[in-house]
Every structure is written in C-alpha cells, then in structure tokens.
Amino acid sequence: LSLPLDYPGGDALIGARKPPRLFASAFDDGRVIYNSIIRRWDGCCDTCSDDGVTLNTQYSTQWDSLPHVGSMFDADDDGVAEMVCYNGFKAGEDVLRPNDEGGPYAKKLGIETLAEACPQGRASMLNFHAVWGKAKKAIGYDDTMRVIEAQKVDVRRGDFLLLYTGYDELLLGMNKQPDRDVLYAHCTGFDGYDRKLQEWIVDSGVVAICSDNLAVEVEHLPAPDGSHTSMPLHELCLFKQGIFLGELWYLKELADWLLANKRSACFLTAPPLRLPGAVGSP
C-alpha cells in the first residue's frame with residue numbers, strides 16, 4: 001500500500017518535505033563502503049556495499065502520529081492558550097522543539113507507540129473515485145452516507161477507514177515531476193468543516209483514516225465563521241480523538257480488486273517504522 005518512497009518527487013507539494021537522499025556509508029577515516037573490498041584479519045576479503053538515507057518521514061506514503069497536529073488550548077485553565085497535543089501533552093515539555101535539549105523529539109505520543117501497538121485489523125474502503133472519478137469535490141456527511149449505502153460498506157468500531165480518490169494514480173503518472181496546480185484541482189477528500197461528518201467519524205469508532213490523497217481532507221476550503229484551523233479534520237482526529245491519519249497511500253490495486261469482487265472490507269496491516277520520538281513515518 002506504499003508508493004515508491006521517492007514519490008511525489010521534488011518539493012512542489014510541500015516545500016519543507018524533501019525527497020530521500022541515499023548516501024554511501026563511510027568509516028571515520030573516510031573509507032567508503034560501496035563496491036569496496038573489505039579485508040579481514042585472517043586474509044579473507046569480501047566486496048561490500050553499505051548505505052544510509054536521509055528521509056523526511058512524511059514525504060511519501062506515511063502515518064501521522066498524534067503530535068503531528070495539536071492546537072492552541074488553555075490546558076491549565078489560567079486564561080492563556082498554549083500549544084497542546086492529544087491528551088494534554090505540551091509542546092516544549094512532552095514534545096521537544098529543535099532548540100530544546102534533546103529535541104526535536106516527541107517524548108510522548110511518538111510514532112513508536114503505533115509501531116509497538118502493531119496496527120493491523122479490519123479495514124473498510126469508501127471508493128470515492130468510483131463515483132466522482134478524479135473530479136475535485138469535498139465530501140461531506142450526506143455524500144459519504146450515499147457512498148456507504150451504494151457500495152454496501154459496513155463501517156464497524158475499530159476499523160481502519162480507507163478513502164480511495166484516484167490521487168495515487170494521478171501522482172504516479174507525473175513521473176516524479178508533480179504539477180501542484182493539477183493535483184490541487186483534482187480528486188476528492190473529506191470536507192473537514194462538515195460538523196455532521198465530524199460527528200459521524202467520532203461515533204463510528206474508527207481507529208484511523210487513511211487515504212491516497214495528500215491530507216485525507218480537502219485543503220484550502222473557505223473556513224466558516226469562528227473557525228481557527230485550516231485543517232479541521234486533523235485537529236479533530238489527531239488532537240481531540242486520538243485517531244491516526246495515513247496519507248499518500250497507494251490504494252488503486254486494492255480498490256480495483258474490492259470493487260470488482262463486490263467487497264468493501266479487507267484485512268489491513270501497515271506498520272510504521274519503530275523510530276522513537278518521530279512525529280511521522282513511512
């Protein structure tokens with residue numbers, strides 16, 4: 001369910017997220033281990049290559065961990081809002097900033113908590129692409145219910161909810177030269193501002209929402225009066241409810257197979273890297 005981890009390519013989608021960079025491992029004295037002859041003490045030798053990677057954890061197919069998005073919230077009830085993550089964990093104390101000693105590091109809620117819990121179980125798919133193709137549309141509660149009824153989807157408590165929009169196919173067709181304008185002008189996603197949809201997500205009991213698009217929810221929607229966030233579904237899921245989000249997943253083959261076989265549920269296993277302190281993972 002993963003794209004090649006060097007997709008989308010470049011940094012046109014989110015400028016701060018750079019493509020992975022492979023490099024050859026080297027000893028402190030400068031000797032590089034790549035197509036190298038390694039001699040042992042007893043005279044034997046082997047040819048060997050060894051490498052490393054600098055990888056933005058949320059560049060390609062990814063899990064968002066809970067401290068990825070928090071909110072300004074008066075957790076101390078002193079009239080002053082502070083940066084808070086799920087369950088009251090605070091920026092600078094539980095989620096260390098780069099200039100904090102030992103930071104950046106999520107002491108609480110890091111992605112290792114999801115890895116250790118072994119994310120696997122029943123998944124239910126909503127195939128939005130089968131209804132709207134690659135048309136741009138923010139999917140609210142009413143449209144979601146129509147898809148559930150038409151595709152006979154049985155969303156149960158504890159499910160991973162999968163959303164297929166066709167974004168993965170569009171992205172792969174760009175061959176690592178993504179056109180930001182084209183991508184933002186196509187494909188569906190949840191309308192994060194829809195209050196009925198928010199209530200349904202909470203009441204459904206799903207443990208995660210995973211999509212082939214960039215953010216699960218459609219970005220850059222006009223915010224309603226009184227809203228303080230541009231990513232309302234991220235705030236709802238990661239900050240308020242502890243529901244994990246997965247983005248840029250490769251779902252086309254699974255979606256096509258489920259549709260052809262008149263099914264909507266499957267067994268899903270999708271472990272992140274057990275990388276302590278990280279706020280996301282391939």
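- The hydrophobic cluster containing Ile139 also contains Met145, counting ILVMFWY residues as joined when their side-chain heavy atoms lie under 4.5 angstrom apart, directly or transitively.
- A salt bridge does not link Lys196 to Asp194: none of the charged nitrogens lies less than 4.0 Å from a carboxylate oxygen.
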Determine, stepwise, if the pair His186 / Tyr167 fulfils ring-ring contact (aromatic ring centres under 6.0 Å, His included). CA-CA 8 Å; His186 289 81; Tyr167 191 99; 9.7 Å; no
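- Arg39 places no side-chain N or O within 3.5 Å of a backbone atom of Cys45 that could act as its donor or acceptor partner.
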Would Thr165 and Asn213 satisfy side-chain hydrogen bond (donor to acceptor under 3.5 Å, both in side chains), going step by step from the backbone distance to the final call? CA-CA 7 Å; Thr165 73; Asn213 66 12; 4.7 Å; no
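- Under the 4.5 Å side-chain criterion, counting only non-hydrogen atoms from C-beta, Ser60 is not in contact with Leu248.
- Both Val207 and Trp63 are members of a single hydrophobic cluster when ILVMFWY side chains are connected at heavy-atom separations under 4.5 Å.
- Within 6.0 Å of the CE atom in Met83, the count of heavy atoms belonging to other residues, nucleotides or ligands does not exceed 12.
- Of all heavy-atom pairs between Gly52 and Ser25, the closest is N-OG, 4.1 Å.
- When all heavy atoms of Pro4 and Leu172 are compared, the closest pair comes out as CD-CD2, 4.1 Å.
- Residue Leu13 is not grouped with residue Leu245 when hydrophobic side chains (ILVMFWY) are merged at heavy-atom distances under 4.5 angstrom, including chains of intermediate members.
- At least one side-chain heavy atom of Pro20 sits less than 4.5 Å from a side-chain heavy atom of Tyr59.
- The CD1 atom of Ile243 lies 9.0 Å from the CG atom of Leu238; values are rounded to the nearest 0.5 Å.
- Follow the hydrophobic side-chain contacts under 4.5 Å out from Trp200 and you reach Val131 in the same cluster.
- Judged by distance alone, the side chain of Gln241 and the main-chain N or O of Cys237 form no donor-acceptor pair under 3.5 Å.
- Note that OH of Tyr164 is 13.0 Å distant from CZ of Phe128, once rounded to the nearest 0.5 Å.
- Closest heavy-atom contact between Ile14 and Arg180: N-NH1, 4.5 Å.
- In this structure, the side chain of Gln198 engages the main chain of Gly192 through a donor-acceptor pair within 3.5 Å.
- In this structure, Asp74 contributes its side chain and Gly79 its backbone to a donor-acceptor pair below 3.5 Å.
- We find the SG-CG distance between Cys187 and Asp168 to be 8.5 Å, quoted to the nearest 0.5 Å.
- When the shell of 6.0 Å around CZ of Arg195 is examined, it contains 12 or fewer heavy atoms from other residues, nucleotides or ligands.
- Under a 4.0 Å N-O distance rule, the pair Asp191/Lys137 does not qualify as a salt bridge.
- The backbone N or O of Asn127 sits less than 3.5 Å from a side-chain atom of Gln151, completing a donor-acceptor pair.
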Working for side-chain contact (heavy atoms from CB on, under 4.5 Å), residues Ile38 and Thr47: CA-CA 6 Å; Ile38 306 297; Thr47 61; over 6 Å; no
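- At a threshold of 4.5 Å between non-hydrogen side-chain atoms, the residues Phe239 and Phe73 count as touching.
- Tyr193 pairs by the side chain to side chain donor-acceptor pair (under 3.5 Å) definition with nothing, not counting sequence neighbours.
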Donor-acceptor pairs are to be reported for all side-chain atoms of residues 257-273 against protein atoms at under 3.5 Å, with residues two or more places apart or in another chain.
unit_1	atom_1	unit_2	atom_2	d
Asn261	ND2	Trp257	O	2.8
Arg263	NH2	Ala265	O	3.2

Can Phe190 and Leu197 be said to form a side-chain contact (heavy atoms from CB on, under 4.5 Å), step by step? CA-CA 8 Å; Phe190 271 151; Leu197 179 63; 3.5 Å; yes
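- With respect to Lys176 and Asp6, a salt bridge is recorded, a charged nitrogen being found less than 4.0 Å from a carboxylate O.
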For a side-chain contact (heavy atoms from CB on, under 4.5 Å) check, start with the C-alpha distance between Tyr34 and Asp51, then their side-chain angles and the critical distance, and finish with the verdict. CA-CA 8 Å; Tyr34 212 90; Asp51 58 13; 4.1 Å; yes
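- Remark: the backbone N or O of Gly103 is not paired with any side-chain donor or acceptor of Asp100 at under 3.5 angstrom.
- Looking only at distances, a side-chain donor or acceptor of Glu217 sits under 3.5 Å from a matching main-chain atom of His234.
- Under the 3.5 Å distance criterion, the side-chain polar atoms of Arg274 are left unmatched by any main-chain donor or acceptor of Ala115.
- Side-chain contact between Lys108 and Leu66: absent, with no pair of heavy atoms (C-beta onward) separated by less than 4.5 Å.
- Across all non-hydrogen atoms, the minimal contact from Tyr86 to Gly242 is CE1-N, 3.3 Å.
- At most 12 non-hydrogen atoms from other residues, nucleotides or ligands lie less than 6.0 angstrom from CD1 of Ile37.
- The main-chain N or O of Leu3 is found under 3.5 Å from a side-chain atom of Thr61 such that the two form a donor-acceptor pair.
- Looking at Lys152 and Asp154, no side-chain N of the basic residue comes within less than 4.0 Å of a carboxylate O on the acidic one, giving no salt bridge.
- Environment of CG in Asp29: crowded, with over 12 heavy atoms of neighbouring residues, nucleotides or ligands closer than 6.0 Å.
- Taken to the nearest 0.5 Å, the CG atom of Leu55 stands 9.5 Å off from the CG atom of Leu275.
- For the residue pair Thr144 and Arg146, no side-chain donor N or O sits within less than 3.5 Å of a side-chain acceptor on the partner.
- Ion pair Glu169/Lys252 flagged as a salt bridge, since at least one NZ, NE, NH1 or NH2 atom sits closer than 4.0 Å to an Asp/Glu carboxylate oxygen.
- Around the CG atom of Asp225, the shell of radius 6.0 Å holds no more than 12 heavy atoms that belong to other residues, nucleotides or ligands.
- Within the 4.5 Å cutoff, side-chain heavy atoms of Met125 are placed close to those of Leu254.
- Here the closest non-hydrogen pair linking Pro67 and Ala106 is CG-CB, 4.2 Å.
- Put simply, CG on Leu162 and CG on Leu251 are 6.0 Å apart, with the number rounded to the nearest 0.5 Å.
- Contact check for Glu82 versus Asp76: side-chain heavy atoms found under the 4.5 Å cut-off.
- With a 4.5 Å cut-off on side-chain heavy atoms, Pro119 and Phe160 count as touching.
- Residue Gln58 holds its CD atom at 10.5 Å from CG of Leu214, rounded to the nearest 0.5 Å.
- The number of heavy atoms from other shown groups lying within 6.0 Å of NZ (Lys90) is above 12.
- Using a 3.5 Å distance cut-off with no hydrogens or angles, the side chains of Glu235 and Thr229 do not pair a donor with an acceptor.
- Of all heavy-atom pairs spanning Gly166 and Asp212, the tightest one is N-OD2, 3.0 Å.
- Side-chain contact between Thr188 and Val218 is absent, with no heavy-atom pair separated by less than 4.5 Å.
- No donor-acceptor distance shorter than 3.5 angstrom exists from the side chain of Glu116 to the backbone of Leu114, with no hydrogens or angles considered.
- Using bins of under 30°, 30° to 60° and over 60° for the plane-to-plane angle, the ring pair Tyr184/His220 lands in the parallel bin.
- Salt-bridge formation is not detected for the pair Lys107/Asp94: no Lys NZ or Arg NE/NH1/NH2 atom is positioned less than 4.0 Å from an Asp or Glu carboxylate oxygen.
- By the rule that hydrophobic residues join a cluster once side-chain heavy atoms approach within less than 4.5 Å of another member, Leu163 and Val155 end up as members of one cluster.
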